[in-house]
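Letters A, B, ... mirror the listed sequences (proteins, then strands); counts begin at 1. Computed from a predicted structure; not experimentally measured.
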Amino acid sequence: MIALVDCNNFFASCERLFRPDLQDVPVLVLSNNDGCVVARSNEVKALGIPMGVPYFKVRDIVEQHHVRCFSSNFALYSDMSQRILGVLQRHSPNLEVYSIDEAFMELSQLPIQDFQGWGDELRREVQTDIGMPVSVGIAPTKTLAKLASSYAKKHNQTCVLDPQHNLKEYEKILSKTPVGHIWGVGWRSTPKFTRVGVRTALQLARTSESWLHSQLGITGNRMLNELNGEVAYPFSDLKEPQKSIMASRSFGHTVKNLHELESAVASFASQAAFRLRGFEQTISSFGAYLRFRTPDGETKGQSAVSHFATPTNNTPELVQAALKLVQQLYDPTYGYKKAGVFGHHLQSANICQVDLFDALPPQLRSKQKLFMQAVDSINNRYGSETIHTAAIDPNTRKWHGKKQRMSPAYTTDWSQLPLVHKAS
DNA sequence: TCTGGGGTCCTAGGACCC
DNA sequence: TCTGGGGTCCTAGGACCC
């Protein structure tokens, strides 16, 4: 059996951890740039504010009901995520971290008699130790475990879903789950199903393999198996290396000036390079992306890619490449809204096919590597961009997104520790 | 006026090979 | 006038996830 442990309203719950006064009031968290709603407490859900809605569309209702809004505070959320994983690890070493607020646990090695009791005990423990409310769903496949945990969330207790041992309960729960709530059924396919009368998860689980294949391709076959208790997505606690990387931001204000655009993109390229070094990967194809409004009011995107004969994760090299691409794409009549860099074909930094005609001699490459190590350790200690490429102009901050409602980094910055008592 | 930032997998179609 | 059959690799775009 596989358990899915899923934090309830994760970002909103994190904001509450150090603010007991927010316990029973509506709390919502905004995306970067304070653009749209990415997390909602139950009170906010009850107000009918949907997930992903642009903030300005719900501002009235937010003000009317005194909803507390926060900019997203990833320093806090990541740290809380790590702490929760620590608790889960005490129960099972077989952990597959699925996202910042979810993890699968493989249970077949554990001597568990009563799954429901086990799950409820785990929930109590995370609540007591961290203060985070979580839901637990337990089932023979990941798809069913996801389904169980979303059912568990509504009923405030662990949900065990097993067609082999309790068909009645399985049918009851699947028949109450709308087809669009199934893992892998998105807003595009939902209408395809409801149009032909397939409205619930149970109805989907009873369709034929050939029909579901005609609708979703091979994904359909897997979904059907998983819904019927046969594993198509095996549990795996091995972390596969990433295949692509991306660093991008929407701008706080429209940017027209090339210098500013370059500064932003140089910063994204540096970020990407830093992350690549973190997981010991290099990249051979690297691109830049710009999103803009044309003089006739149309919003469009454009991108360009360059290639490296010798794969790299060297900041100056990536910054230089990105700048060239931006200069290539730039049009002074456009108003730029967003920019980013991306890379594909990541490969291990330790196994590297060198280019026979590399412009840089190998000694210089290894010197560069040491140099980047030094820069990283300084930035890790004193804050990112303590040392940065000169292409990043600290005076052009216009592109920085809005973050007007950020809570303190309570647990990751000495200067922002929560204040318990202020001596007078 | 104001709409995030990461990722994954699958498929179709084009270019190419013999 | 007639124009095969079997592959591979790459890319762009779509759909999905959190």
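- In this structure, A/Phe235 has no ring-ring contact (aromatic ring centres under 6.0 Å, His included) partners at least two apart in sequence or on a different chain.
- Each of A/Glu96, A/Glu226, A/Glu230 was compared with A/Lys142 under the salt bridge (Lys or Arg N to Asp or Glu O under 4.0 Å) criterion, and only A/Glu96 meets it.
- Nucleic acid contact class of A/Tyr98 (heavy atoms, under 4.0 Å, all strands): sugar-phosphate only.
- A/Lys403 comes within contact range of no nucleotide atom at all, as no heavy-atom separation falls under 4.0 Å.
- In this structure, CZ of A/Arg188 is placed 22 Å from P of B/dC9, rounded to the nearest angstrom.
- Here the straight-line distance linking atom CH2 of A/Trp399 with atom CG of A/Asp393 works out to 11.0 Å at 0.5 Å rounding.
- Taking atom NE2 on A/His344 and atom P on C/dC10, their separation rounds to 14 Å, with Å as the unit.
- The distance from atom CD of A/Glu240 to atom C1' of B/dG7 is 14 Å, rounded to the nearest whole Å.
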For residues 81-94 of chain A, which side-chain donor-acceptor pairs fall under 3.5 Å, sequence neighbours excluded?
unit_1, atom_1, unit_2, atom_2, d
A/Ser81, OG, A/Ile100, O, 2.7
A/Arg83, NE, A/Asp79, OD2, 3.3
A/Arg83, NH2, A/Asp79, OD2, 3.3
A/Arg90, NE, A/Glu125, OE2, 3.4
A/Arg90, NH2, A/Glu125, OE2, 2.8
A/Arg90, NH2, A/Asp129, OD2, 2.6
A/His91, NE2, A/Glu125, OE1, 2.9
A/His91, NE2, A/Glu125, OE2, 3.2
A/Ser92, OG, A/Asn94, N, 3.1
A/Ser92, OG, A/Glu106, O, 3.4
A/Asn94, ND2, A/Asp237, OD2, 3.3

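- Nucleic acid contact class of A/Leu346 (heavy atoms, under 4.0 Å, all strands): none.
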*DNA chain B in dot-bracket, Watson-Crick or G-U pairs under 3.5 Å, [ ] crossing, | other strand?*
....||||||||||||||
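- Residue A/Lys243 contributes atom NZ, which lies 18 Å from atom P of C/dC17 at whole-angstrom precision.
- No side-chain N or O of A/Ser250 forms a donor-acceptor pair with one of A/Arg291 less than 3.5 Å apart.
- Within the nucleic acid shown, A/Asp34 has no heavy atom closer than 4.0 Å to any nucleic acid atom.
- Between the NZ atom of A/Lys142 and the C1' atom of C/dC18 there is a distance of 14 Å, rounded to whole Å.
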Show me the protein contacts with nucleotides 3-6 of chain B, counting only N or O atoms at under 3.5 Å.
unit_1, atom_1, unit_2, atom_2, d
B/dG4, O4', A/Ser31, OG, 3.0
B/dG5, OP1, A/Ser250, N, 2.7
B/dG5, OP2, A/Ser250, N, 3.3
B/dG5, OP2, A/Ser250, OG, 3.0
B/dG5, O3', A/Arg249, NH1, 3.3
B/dG6, OP2, A/Ser248, N, 2.4
B/dG6, OP2, A/Ser248, O, 2.6
B/dG6, OP2, A/Arg249, NH1, 3.1
B/dG6, O3', A/Arg275, NH2, 3.3

Under 3.5 Å, which N/O atoms of the protein pair with N/O atoms of nucleotides 11-15 of chain B?
unit_1, atom_1, unit_2, atom_2, d
B/dT11, OP1, A/Ile218, N, 3.4

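- No side-chain N or O of A/Glu260 forms a donor-acceptor pair with one of A/Asn257 less than 3.5 Å apart.
- Taking CD from A/Gln347 and CD from A/Glu280, the interatomic distance works out to 14.0 Å, rounded to the nearest 0.5 Å.
- Under the 3.5 Å distance criterion, with hydrogens and angles disregarded, a donor-acceptor pair is assigned to the side chains of A/Ser407 and A/Glu15.
- For the pair A/Arg188 and A/Phe193, the NZ or CZ position fails the cation-pi test of under 6.0 Å to the six-membered ring centre and within 45 degrees of the ring normal.
- Checked by atom type, the side-chain pair A/Arg405/A/Asn73 shows no donor-acceptor distance below 3.5 Å.
- The shortest distance between the side-chain N/O atoms of A/Arg222 and the OP1/OP2 oxygens of B/dC10 is below 4.0 Å.
- A donor and an acceptor atom, one from each side chain of A/Asn313 and A/Thr282, are nowhere located under 3.5 Å apart.
- Between the C1' atom of B/dC10 and the CD atom of A/Gln215 lies a distance of 16 Å, rounded to the nearest Å.
- In this entry the distance linking CD of A/Glu226 with C1' of C/dC16 reads 15 Å, nearest Å.
- Between A/Tyr233 atom OH and B/dT8 atom P there is a gap of 15 Å when expressed in whole angstrom units.
- Contacts of A/Asp60 classified as side-chain hydrogen bond (donor to acceptor under 3.5 Å, both in side chains), with partners at least two apart in sequence or in another chain: none.
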